[in-house]
Q: 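Sharing a structure, written as structure tokens. Questions coming.
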Amino acid sequence: MNFTDSNNSYSDADDVNSNEYIFDRTDVRVIFITLYTIVFCCCFFGNLLVILVVTLSRRLRSITNFFLANLALADFCVGLFCVMQNLSIYLIESWVFGEFMCRMYQFVHSLSYTASIFILVVICMERYFAIVHPITCKQILTAARLRIVILTVWITSAVYSTPKFVFSKTIKNVHTISGQEEEICVLDRKMFNSKLLDMINFVLLYVIPLLVMMVTLDSDRPVVSACRKTSFYNHNHLHHYHHSHQQSEYQNSTQAINTTSRPSAHSGQRVTHISHSSSNNVLRARRGVVRMLIIFVLTFALCNLPYHARKMWQYWSHSYRGDSNFNALFTPLTFLVTYFNSGINPLLYAFLSRNFRKGMRELLMCSWRGKSKTKSSINSSMHHKRAALQTHSLPTDTTHVGNEQL
């Protein structure tokens, strides 16, 4: 992804007439500083909160949330290293951080953006295998392999972003009208084909990830729907069976036999109720995960589309003018919308995940009341579990439920 258009439009606009440069206007500066500050706060504080909640809350320790925490880390880096630095290009007349920081800015900018996309693709693929092939997924995705997958994502993103570090440099630019000299941070376009690089970025960082995420999530919906129908059928069938069985016992048995058989019938009803309730919880969690990821993918598609559309317009249309006031405003707005994607993810996560909201409240309140309530609920749960095992020896199966919690 090429982030140097802001530098080009900046210098071109100044070359035309420094007095007419759109960012010299106070109202424009105030508007963009406000917008960039809002996006920065969402990226920085929102993703930091996600990282802390997922790390510290036991209720959110699952495979999907592990990947979502890494997605939040990548989005946090976007807010920390990209947002305000990009704004400074338009507000500060010269790059004041030196050549090494120029190289690091371009590298980290590309790294965090690329890692954010790759992690979102990995999450969608993990959900696909967890829903379509749950047993195989559980056997393959061990804790050690999860760390290897996420480490591979970060290493791949770093390797993909290395050319940005190599090609970046600072150059001196002298205005033809005022004669003022400035230093700007750019990619040396003489060392590579910028049009080819942007086309590769468009395919690898937008088209292919979007197709993969759409295909995997679209494949999940029929499976979840089919499981829901199967669960509904099994519940009705078991309910009809127990109802018929109880009527037969009532008609053909004596009062003494009925008295001794009641515990068995009651036990069967409890087994059916617990099994159906557990199945509903898993299906509800799966539908919630798929729904949340669909919203994530749609947000990714909409927020990244303006940047790539502008690049296509720049390369394939003769009407594009980089020195116009319209493009001087439109270019930073495309970056801002792209950064907004990293800032809105934690808001979507908080809005769509009930368990995350609970964990967030526990983290923010930090009250003894919450701790005592959690402790009492655990003791109550253990008490009911012991009572169930002692009375009926009910089998429990929660092996995959933990991976569905959000």
Q: Sort and list the pairs that fulfil ring pair (Phe, Tyr, Trp, His ring centres under 6.0 Å) and have at least one residue in residues 39-74, not counting sequence neighbours.
A: Phe40-Phe44, Phe44-Phe76
Q: Using atom types as modelled and distance alone, determine if a side-chain donor or acceptor of Thr338 lies under 3.5 Å from a backbone N or O of Thr334.
A: yes
Q: Okay, side chain of Arg29, backbone of Asp24: is any donor-acceptor separation there less than 3.5 Å?
A: no
Q: Quick one: does Tyr307's side chain have a donor or acceptor within less than 3.5 Å of a partner on Leu336's backbone?
A: no
Q: Just wondering, more than 12 heavy atoms not from Tyr36 lying within 6.0 Å of its OH?
A: yes
Q: Suppose we screen for disulfide (SG to SG under 2.5 Å). Which residues come up paired with Cys102, at least two apart in sequence or across chains?
A: Cys185
Q: Keeping Gln85 on the side-chain end and Leu80 on the backbone end, is there a donor-acceptor pair under 3.5 Å?
A: yes
Q: Which residue in the set Asn70, Val153, Thr152 passes side-chain contact (heavy atoms from CB on, under 4.5 Å) when paired with Phe118?
A: Val153
Q: For residues Cys43 and Asp75, determine if any side-chain heavy atom of one lies less than 4.5 Å from a side-chain heavy atom of the other.
A: no
Q: Under 3.5 Å, is there a donor-acceptor pair between the side chain of Asn86 and the main chain of Cys82?
A: no
Q: Are the side chain of Ser116 and the backbone N or O of Ala74 linked by a donor-acceptor pair below 3.5 Å?
A: no
Q: Would you find a donor on one side and an acceptor on the other, under 3.5 Å apart, between the side chain of Ser324 and the backbone of Arg321?
A: yes
Q: Between Trp95 and Gly98, is there a donor-acceptor pair closer than 3.5 Å when you use the side chain of the first and the backbone of the second?
A: yes
Q: Any side-chain to backbone donor/acceptor pair from Ser112 onto His109? Under 3.5 Å, distance only.
A: yes
Q: Below 4.5 Å, heavy atoms only, C-beta onward: do Tyr160 and Asn201 meet side chain to side chain?
A: yes
Q: Just checking, any donor-acceptor pair under 3.5 angstrom between side chains of Ser110 and Ser161?
A: yes
Q: Under 4.5 Å between any side-chain heavy atoms of Leu73 and Asn47, yes or no?
A: no
Q: State the CG-CD1 distance between Leu151 and Ile148, to the nearest 0.5 angstrom.
A: 8.0 Å
Q: Do the non-hydrogen side-chain atoms of Leu87 and Phe335 ever get within less than 4.5 Å of each other?
A: no
Q: Is any side-chain heavy atom of Leu197 closer than 4.5 Å to one of Lys164?
A: yes
Q: Is there side-chain contact between Phe296 and Asn345, with at least one heavy-atom pair below 4.5 Å?
A: yes
Q: State, yes or no, whether a side-chain contact exists between Leu68 and Val54 at a heavy-atom distance under 4.5 Å.
A: no
Q: Should we count NZ of Lys358 as having more than 12 external heavy atoms under 6.0 Å?
A: yes
Q: Check whether the ring centres of Phe32 and Phe23 lie less than 6.0 Å apart, and answer yes or no.
A: yes
Q: Working to the nearest 0.5 Å, report the span between CG of Leu187 and CD of Gln106.
A: 4.5 Å
Q: If only side-chain N and O atoms count, and only distance matters, is there a donor-acceptor pair under 3.5 Å linking Tyr113 with Asn341?
A: no
Q: For Thr216 and Met213, indicate whether the former's side chain and the latter's backbone hold a donor-acceptor pair under 3.5 Å.
A: yes
Q: Is the distance between the ring centroids of Phe81 and Tyr105 under 6.0 Å?
A: no
Q: Looking at Phe330, I want to see if its CZ is surrounded by more than 12 non-hydrogen atoms of other residues, nucleotides or ligands under 6.0 Å.
A: yes
Q: Please determine whether the number of non-hydrogen atoms from other residues, nucleotides or ligands lying under 6.0 Å from atom CD1 of Ile135 exceeds 12.
A: no
Q: Heavy-atom count around Arg147 CZ within 6.0 Å, excluding the residue itself: above 12?
A: no
Q: Trp316 versus Lys195: any side-chain heavy-atom pair under 4.5 Å?
A: yes
Q: Can you give me the closest heavy-atom contact between Met199 and Met312, atom names plus distance?
A: SD-CE, 3.5 Å
Q: I need the minimum non-hydrogen distance between Tyr206 and Ala301, along with the two atoms involved.
A: OH-O, 2.8 Å
Q: Once rounded to the nearest 0.5 Å, what's the spacing between atom CD1 of Ile171 and atom CD of Glu182?
A: 9.0 Å
Q: Looking at every non-hydrogen atom in both residues, tell me the closest pair between Val166 and Arg103 and how far apart they are.
A: O-NH1, 3.2 Å
Q: Would you give the length of the straight line joining atom CG of Leu205 to atom OG1 of Thr114, rounded to the nearest 0.5 angstrom?
A: 5.0 Å
Q: Would one find more than 12 heavy atoms of other residues, nucleotides or ligands at under 6.0 Å from atom CE of Met214?
A: no
Q: Quick one: CD1 on Ile344 to SG on Cys303, what's the gap to the nearest 0.5 Å?
A: 6.0 Å
Q: What's the separation between atom CZ in Arg310 and atom CG in Asp198, rounded to the nearest 0.5 Å?
A: 9.0 Å
Q: Please check if the distance between the ring centroids of Phe167 and Phe192 is under 6.0 Å.
A: yes
Q: Restricting to non-hydrogen atoms, name the atom on Val297 and the atom on Cys124 that form the minimum distance, rounded to 0.1 Å.
A: CG2-SG, 4.0 Å
